[in-house]
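Take a look at the structure below.
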Amino acid sequence: MTSVKVSLNSIDKVKEFVNDISGFNAEFDLVAGRYVIDAKSIMGIFSLDINKPIDLNIYAEEGIDEILETIKPYLAE
């Protein structure tokens, strides 16, 4: 598992993020406090507080470098 912080602080960013990760054959979870949701679910993401960075857990056997390159625009500083 790889864990990074992402910033999805607008509706457009959420839509683009879900579109970008949906092409990968991997599991993605967003973790905010005690809530864990499927990162490929737009409705799930909107149930979280998107005004602050959220932990993204990536469960991928291979291709992690390509995934990290794809999500680079969403990584929290």
Side-chain angles (χ1 to χ4, degrees):
M1 176 185 81
T2 303
S3 188
V4 295
K5 283 206 177 285
V6 293
S7 177
L8 303 171
N9 54 6
S10 73
I11 293 170
D12 290 333
K13 256 185 151 175
V14 169
K15 287 194 281 191
E16 291 168 12
F17 174 77
V18 171
N19 283 337
D20 286 348
I21 67 168
S22 290
F24 292 104
N25 186 21
E27 296 293 319
F28 298 86
D29 287 337
L30 286 170
V31 182
R34 60 189 177 113
Y35 299 103
V36 178
I37 60 109
D38 181 357
K40 293 181 180 179
S41 167
I42 290 176
M43 293 303 291
I45 294 172
F46 286 127
S47 71
L48 302 175
D49 179 5
I50 61 172
N51 291 319
K52 49 189 167 186
I54 305 168
D55 291 322
L56 173 67
N57 294 336
I58 305 165
Y59 304 93
E61 299 278 327
E62 53 193 39
I64 192 67
D65 292 334
E66 183 182 355
I67 292 170
L68 291 174
E69 186 63 34
T70 300
I71 65 169
K72 192 180 276 189
Y74 311 103
L75 296 178
E77 302 282 323

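Along the sequence shown, residues are numbered consecutively beginning with 1.
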Between side-chain atoms of residues 38-46 and protein atoms elsewhere (two or more places apart, or another chain), which donor-acceptor pairs fall under 3.5 Å?
{"from": "D38", "atom 1": "OD1", "to": "K40", "atom 2": "N", "distance (Å)": "2.9"}
{"from": "K40", "atom 1": "NZ", "to": "F24", "atom 2": "O", "distance (Å)": "3.0"}
{"from": "K40", "atom 1": "NZ", "to": "A26", "atom 2": "O", "distance (Å)": "3.1"}
{"from": "S41", "atom 1": "OG", "to": "G44", "atom 2": "N", "distance (Å)": "2.9"}

For residues 52-69, tabulate all N or O donor-acceptor pairs below 3.5 Å that involve a side-chain atom, not counting sequence neighbours.
{"from": "D55", "atom 1": "OD1", "to": "K5", "atom 2": "NZ", "distance (Å)": "2.8"}
{"from": "N57", "atom 1": "OD1", "to": "S3", "atom 2": "OG", "distance (Å)": "2.9"}
{"from": "E69", "atom 1": "OE1", "to": "K72", "atom 2": "NZ", "distance (Å)": "3.4"}

Please tabulate, one pair per line, all N/O donor-acceptor pairs under 3.5 Å involving side-chain atoms of residues 10-23, not counting sequence neighbours.
{"from": "S10", "atom 1": "OG", "to": "K13", "atom 2": "N", "distance (Å)": "3.1"}
{"from": "K13", "atom 1": "NZ", "to": "S7", "atom 2": "O", "distance (Å)": "3.3"}
{"from": "N19", "atom 1": "ND2", "to": "K15", "atom 2": "O", "distance (Å)": "3.4"}
{"from": "D20", "atom 1": "OD2", "to": "Y74", "atom 2": "OH", "distance (Å)": "2.7"}
{"from": "S22", "atom 1": "OG", "to": "V18", "atom 2": "O", "distance (Å)": "2.6"}

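A distance of 7.0 Å separates CG of L8 from CD1 of I50, quoted to the nearest 0.5 Å.
Within 6.0 Å of the CG atom in N25, the count of heavy atoms belonging to other residues, nucleotides or ligands does not exceed 12.
The nearest pair of heavy atoms linking T70 to P73 is O-CD, 3.4 Å.
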